[in-house]
Structures are given as C-alpha cells and as structure tokens.
Undergrad: 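Please find one structure pasted underneath; my questions will follow.
Order of the sequence lines sets the chain letters (A, B, ...), proteins ahead of strands, with each chain counted from 1.
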Amino acid sequence: MTRAPRPGTRALGSAEAWMRARGWVPLDFQRQTWAAIGAGHHGLLHATTGAGKTYAVWLGLLQRHAAPPAATGGPRLLWITPLRALAGDTAAALQAPMAALAPGWRLGVRTGDTPDAERTAQQRRWPEALVTTPESLSLLIARADAPALLAQVAAVVVDEWHELLASKRGVQVQLALARLRGWQPAVQVWGMSATLANPDEAAAALLGPTAAASAAHVRAPQAKPITVDTLLPAQVQRFAWAGHLGAAMVPAVVAALEGCRSALLFTNTRSQTEWWYQALLDARPDWAGQIALHHGSLDPQVRRWVEHGLKTGALRAVVCTSSLDLGVDFAPVERVLQIGSPKGVARLLQRAGRSGHAPGQPSRVTLVPTHALELVEAAAARDAVQAGRIEPRPALRAPLDVLVQHLVTVALGGGFRPEALLAEVRTTHAYADLSDQDWRWCLDFVRHGGASLHAYPEYRRVQPDASGVWRVPDARLARRHRLNIGTIVADAQLEVRYLNGARLGTVEEGFAARLRPGECFVFAGRTLELVRLHELTAWVRDARGQPPRVPRWQGGRMPLSTTLADAVVARLEAAAHGVFDGPEMAAVQPLLALQGRWSRLPTRQHLVAEVLHDREGCHLFVYPFAGRDVHAGLAAWLAWRAAQAQPRTFSLAVNDYGLELLCAQPVDWAAALPRWLQPPDRATLQAELLASLHAAELAKRRFREIARVAGLLEPGHPGQRRPARQLQASAALFWAVFCRHDPDNRLLHQAQAEVLMQELDLDRLHDALQRMARQTLCLQTIARPTPLALPLWVERQRERLSSETLAARLQRLVAQLERAADAPARAARGRGRRRANPTQEAA
DNA sequence: GACCTGCTGCGGGATG
C-alpha cells in the first residue's frame, strides 16, 4: 500500500529529506524555491544550466502536489521543454525524486517523437507527470476530452523560458497556460530561465500580468566565475578585409585543442562549421574520428551520434552552431571557443556555460577573432560580461495569427463561448490589450474566412452550435488543424542522400537549385558530387578533384546587439583617449591609431562620417554602431532622402559597425548630411522607411509565415511536408486576394508590422537616429579608405565582382594603403587623391 | 594564404 504525503508535509518524503538521503546539502536557493512553492506562489527561477534548479522546482512541486495516483484522470504535473531532444534526459532526472515523493506515480514523455504504442498506452492511462513540448501541449488542448483530461493539472513547469519568451512559441505557451487556468484556476506555474535583463516582463508573460505582481523570483547564485579570453593572432592587420572565416587562426586553434580533452567550437553559420571542420582535419589528419561537426541541417541521427560522442568523451572537439547552445549536459567539455563575433552578450554567456559543467570548475570561453576589429569586440564583450550587462528579450505583443490558431485549437478542445474566451485570452501578457475589434475580426475569420474567403467551406473552421458553443464542425477540418499546430515555419529543405540511400542531412532548396549535376559541394564534412535532383532529394556520391562549393544556407540574421555595440563604442572611446587596456586592445592599437590619424575614432559623443572622392564617385561612410539591420534601414532611408532633394542613384553597403553610400555624381555631404540626419517623428520615419525600401516585397515574404500559422495553407502530412515553393505560391495567392478584396485583413497589417518591427527594427532605428542627433557629427574628408571604411568598401564590391577580380583589386589596394600608412603622416597627406600606380610607387 | 557570410526550434489519432 502506498501512503502519499499530505500537501506541504515536511517530514518523511520531503524535498529536504530526499536530498539528505543522497548525502547532499540543500542549497539556499533550493530551500527558497521549496518555501515559495509550499506557500502556493507562482514563480520564476533564474539560474544557469545545471541539475540544481531541476531539483529545486521538481522536489518542491512534488512535495506540495503529490497525492495517491488515481485510476483514471489526467496528468497532475506538466513539464514543458522547448527541445524534444531534452525531453528524455529531463524525464530521467525527474524519475528518482518522483519515485520517492510520489510513490505509484508514473512519468511519461509526449512529443512528436513518441512512438504510437506509447501514445496509445498513455491515453489508456495517463501518466501523473508528463514531459512535453509547447506544440504537444497545444495538441493535448485540442483533444475533445481536454477539459476532463487537463482539469487535474495542479502545476506546470516551463523550462528554458528565456528561449521561448521572445517568440511566437512563447505566445503559444501563454495561451495554453491561460487555457489550463480556465479549467483549473489553482494551477501553479513555475518557469526556469537564464539570467535576463527583463525579469519582470518574463514573469508577466509566463504568469499573466496579474499573478506576476505577487510572483516569487528566486535567483540561484552564479555558481562559478566566467572567464572570457582571446586567442590573439600572430600578426594584426591594419587593413582587414572583413573576412569572417578566420583562416589565419587555424594554427592557434589547433594548438588550443591539443591541450585539452574535449572542446566545443561555436561558429555563427553552418557553412563556417563545415569550413572549420575541414580546416582542422587538413591541419591534423590524425584527428579523423576524434572531431566532428554539428548543425541544424545535419541528419538527426548524425547529430545524436555526435552528442553521444561528446557525452562519453569519445570526441576531442565538435564544431557547431547554436544547435549545441542548449541540450544535454556534456560534463566532459573542458573548453569552449567562439569563432568570430559573439554578436551578443547573452549568446556568449549561454555558450560559455557549456564548459566546466562539473561543480567547482569555472566556465571559460575563448574568443577567436576572424577580423582585426573583432579584437575590440572581444574586449568589449568581456567588459559587458563583467558588468553583467545582458540583452533584454522582449515578449511579443498580440500576434493575431497565433490567436487565430488558438481559437481553432480551443474550438476542438471542448469548444468555447466567445465572451468567456475573450476574458481568458486577455489574462495573458500578449493579449492583455487586445481590442474588441481585433477580437471580433479573429472570430469572424475562423467562422467565415473573413471578407474574401466566405465562399470556401474549408475556411469556415469554427461554428457556434445551437447552445452558443463554438466548435469545429467537421472531422476533416479537425485533422487538418492538428497537423498545422505550431508556430515554426521552416524553409524548404532537400534531403541529401547517397545513391545507396544513406541520408546525410538537408540543404536549402535554393542552394541545391544553383548546383548542376556533376558539380561538387562540401557537406557533412565530405566533398560530394551532385548526381541528380529528383523530387525533394539531392542524390550524391563522394567526389574527388574539383574545387568544391560550401553550401550556403539562408538562415536568420544576427545583428550585433545594442548592448555589445555600446560596449564596443566605449572601448573605441577609451582608445581615442589613448587607453588601450588588455591584450586585445594592445594588439589592435596600430589599426585604431591609424584610424585616428587618417580620420577619427567614433566615441559616444562623436558620430564619425567620412567622405572619399575617387574614380568611382563620392563615397560617404558613417559609423553609428547600431547593428547591420538598422544600418540597412538607415542607408536606404538616407539614400531616399538624398534622392528626394535631387534625383541620384546610390549603391549601398552595410555591416555591423556602419554603412556606405556611393554616388557617381558629387554630393555636398558636409552641407546636406546634418540636415538629412535630422530625425523625423516616428510616424514620418515609418512612412519614409516603407517608401524607401521594397517594403511590400518584404511583407509579402513575411506573410507566408503568418498565413501558415493562421492555418490558411494546406499542411502536409508529417514526414512528407509540402515544399516551401508550393507554400510560397499559395501564400502569394492569399496575399493577392486579400490585397484586392480584403485590404483591411488584419493578417496583412501584421505582416507589415512584423517587417517594420522585426526585420527593420524600427524601434532600434528610431533610437539610433535620436542618439545620432545628440552626437557631434564629425565629417572627415579622407584620401583613401580608413581601417573602418575598408570592410564596407569590400562589402559593396563583392556584389559586383567575381571573387578573383575582387581579390586582385583588394590586394592592390591594401598594398597601397599599407605603404601610405607606413609613410610619414605629412607625406601621406601630400599624396592626397592622386591614384598612384603601385609599381611606380614601389619604385 | 587568403576573405566564399548569417542560428535554432515543432508537428494526428483511432482502430484492429
């Protein structure tokens, strides 16, 4: 016979006793968590990865909620994890405490990976504790028996909440939690998150604005110090070409790897991962089998194999992308290296946390600059880490596509009455300010398909029945909706397979489409020859000889964060005052000194712009340090303003530090720039931005995602999803129909709003302009590209020239610049604009 | 010796 402890009992079967029985002394933050849970609070536990936080929350919830298992009924405790790959390990960790504190309880895992047999077994008798994903939770809510099934949920844990917070997946979780509270108002919610700059917003999003006010915030102390150091290049170039691979750093990285048993090498792109894996193998052929690569386009089986190798310590090093940012605890990883810019402080901390996982070991991350200016970034990143300055993760507001999906989900899961559901939806942070009009529009959209689709029965997805409860009237629509649940919209992928059928992974359709049969590319660490493309598969064989192309995936954009960019400017300002602290700044001093000599160093008070006249025309370089997305918007906007004054054509280039505008005709920037940089009010800025960019085209692309989430597109069957080209075609059709017959369609507005806010980052652009207006504009006339200007010059040329032509031109230019830099300053100024023939000048 | 740039994440359910 099993005896369940009464809620709140502290004697036998308590969290404390369980830990002591294992010889562990409970930590303060664990006791605080148990106390807060015992007192019935909701809460957020801020802690870095590690088993300590799992025991804090799980033991606390078991202690409070364990009760004798019921023969029928549904899960009592839900554990939400953003990664299905984490679900198994999590379940394993939860098992032992549960066996002790809730005898007789069973633990289940339910994700898309759960085998059919297990699913049916779960449905015969639901496990008391269930580990699941946000998507699978929504699928539970979409079951006809959901109200009965989920009314017994006493508590929910959301793990890695910071990962979900700023995305539509996070909004999906908010809506699901509101639904659970609707059935069981007492449901206790706890989140676990990495350190955040906006903990209050994170709590409001997780718990709802009302409950968040009284929520417990428990902070686990930083268990171990974090060290940020840098591999210095043997020689720092004054004229870096905006490279990103870091080829020069291969020997230093090899040396670093020789000294340690296991390491993770993080890169920023998948193709860079492939490149580095090859470079390491070329340098150390004897490491074959001891190193591996890992990224999101590799076959899951390959990825599992690599993860296993890391866990067992069989691998010396793995080159990876963010695909290993989260995941199983790889205890043996000794070192973490970050190749190229870390882009943000939170990212860097996350990656640093992958090392020194054992207690007492410090976390250490070594930055490997691939470009001279990244030395400044490295010093700045360390400043920000030491000062604890981390990027906020803003929660999304009111994405109507997610709400539309939720309406159909709830209609399936027992149905709803509009007034009651509106009240429930408004308890969430995302929809707290949802207007009555938007709500009515969403209701109408799921009921009739809105103004333009009412003729099509498949868009009459939800109907009120005789008693006024809104339900999905037809089994086919129900099935279609279940297949469509979720907010992740991926690009079209082609499977890469050997002729014998072995799967290697996936590449984007666009990349494969550019390859012809017989051409070679590097993928999954091998050089492959494309034999043929058929359906959605690229058939390949091993290739020898031919120079390969490394696949380029489209991927997301990762602009330098404001937090890190500000830290970079602070370092440049110090340099402007002659302060070069630390090894990185000492190494990059010659480059910065030259920038100061030929032009100026940007500081917080000084906005530096440079004007250069040469054979191409008139170049303007500006360095706002606002990240590449903002610079792209700013460059287009500035060019548009300049063209309003007088018809002109510009070529544009941007990077994370600045932007370039080139015009064949002369432009009097000194007179015009201060005027054109005057920030307009937000509404004008928005209107001018939309006018200056191909905003309609951008919004149209964005709309594909929204149409998918809102359930307008026919979903494929799992395992044979439809190719994106087809998705795009139908999304384009809806776009055209709505624009023409239903211009007030809220989803069109949402597409435009998402482009403005997320792709162009209007807020950040607006802030940047305000800040620039407060700075002193220092317009320098320069005789030749400065160290800050050269990367932008290269960026622009790259689009026009083949890489050979570009390399040759660059080599000439850099040789010229080097000579000018070495010549005494007076002589350099004297040579001015004369375009010297390098051979003459050398003689 | 060479500069090729952009991550991650999820996913039916009922019946035999």
Undergrad: Across the strands shown, which category fits A:L139 at heavy-atom distances under 4.0 angstrom: base, sugar-phosphate, nothing?
TA: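 Sugar-phosphate only.
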Undergrad: What's the CZ-P distance between A:R110 and B:dC10, to the nearest Å?
TA: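 Between P of B:dC10 and CZ of A:R110: 17 Å.
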Undergrad: Please give, in whole Å, the distance from B:dT8 P to A:E705 CD?
TA: 16 Å
Undergrad: Sequence neighbours excluded, which residues qualify as side-chain contact (heavy atoms from CB on, under 4.5 Å) partners of A:A202?
TA: A:L44, A:W161, A:L165, A:L196
Undergrad: With nearest nucleotides of DNA chain B determined for A:G296 and A:A248 from heavy-atom distances, which residue corresponds to the more 5′ nucleotide?
TA: A:A248
Undergrad: For A:R351 and for A:L83, locate the closest nucleotide of DNA chain B by heavy-atom distance; then report the residue assigned to the nucleotide nearer the 5' terminus.
TA: A:R351
Undergrad: Among all residues two or more places apart in sequence or in another chain, which pass the side-chain contact (heavy atoms from CB on, under 4.5 Å) test with A:A248?
TA: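 Result, side-chain contact (heavy atoms from CB on, under 4.5 Å) vs A:A248: none returned.
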Undergrad: For residues 137-144 of chain A, tabulate all N or O donor-acceptor pairs below 3.5 Å that involve a side-chain atom, not counting sequence neighbours.
TA:
from: A:S138; atom 1: OG; to: A:P134; atom 2: O; distance (Å): 3.4
from: A:S138; atom 1: OG; to: A:Q172; atom 2: NE2; distance (Å): 3.0
from: A:R143; atom 1: NE; to: A:D145; atom 2: OD1; distance (Å): 3.0
from: A:R143; atom 1: NH2; to: A:D145; atom 2: OD2; distance (Å): 3.4

Undergrad: The criterion is side-chain contact (heavy atoms from CB on, under 4.5 Å); which residues satisfy it with A:R480, sequence neighbours excluded?
TA: A:E458, A:Y459, A:E714, A:P715
Undergrad: Roughly how many Å is it from CG in A:N655 to C1' in B:dC3, rounded to a whole number?
TA: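 Roughly 14 Å, once rounded to whole Å.
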Undergrad: Distances for protein N/O vs nucleotides 14-16 of chain B N/O pairs under 3.5 angstrom?
TA:
from: B:dA14; atom 1: OP2; to: A:Q123; atom 2: NE2; distance (Å): 3.2

Undergrad: List for me each residue that meets side-chain hydrogen bond (donor to acceptor under 3.5 Å, both in side chains) alongside A:E818, sequence neighbours excluded, and say none if there are none.
TA: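 So A:E818 forms a side-chain hydrogen bond (donor to acceptor under 3.5 Å, both in side chains) with A:R238.
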Undergrad: Syn or anti for B:dG11, with syn set at within 90° of 0?
TA: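 Classified anti.
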Undergrad: In whole angstrom, what separates A:D325's CG from B:dG6's C1'?
TA: 14 Å
Undergrad: What is the separation between atom CZ on A:R812 and atom P on B:dA2, rounded to the nearest whole Å?
TA: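 The distance from CZ of A:R812 to P of B:dA2 comes to 18 Å, rounded to the nearest Å.
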Undergrad: Between A:L713 (CG) and B:dG11 (C1'), how many Å, whole number?
TA: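 Rounded to the whole Å, the gap is 15 Å.
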Undergrad: To the nearest Å, give me how far apart CE (A:M558) and C1' (B:dT8) are.
TA: 10 Å
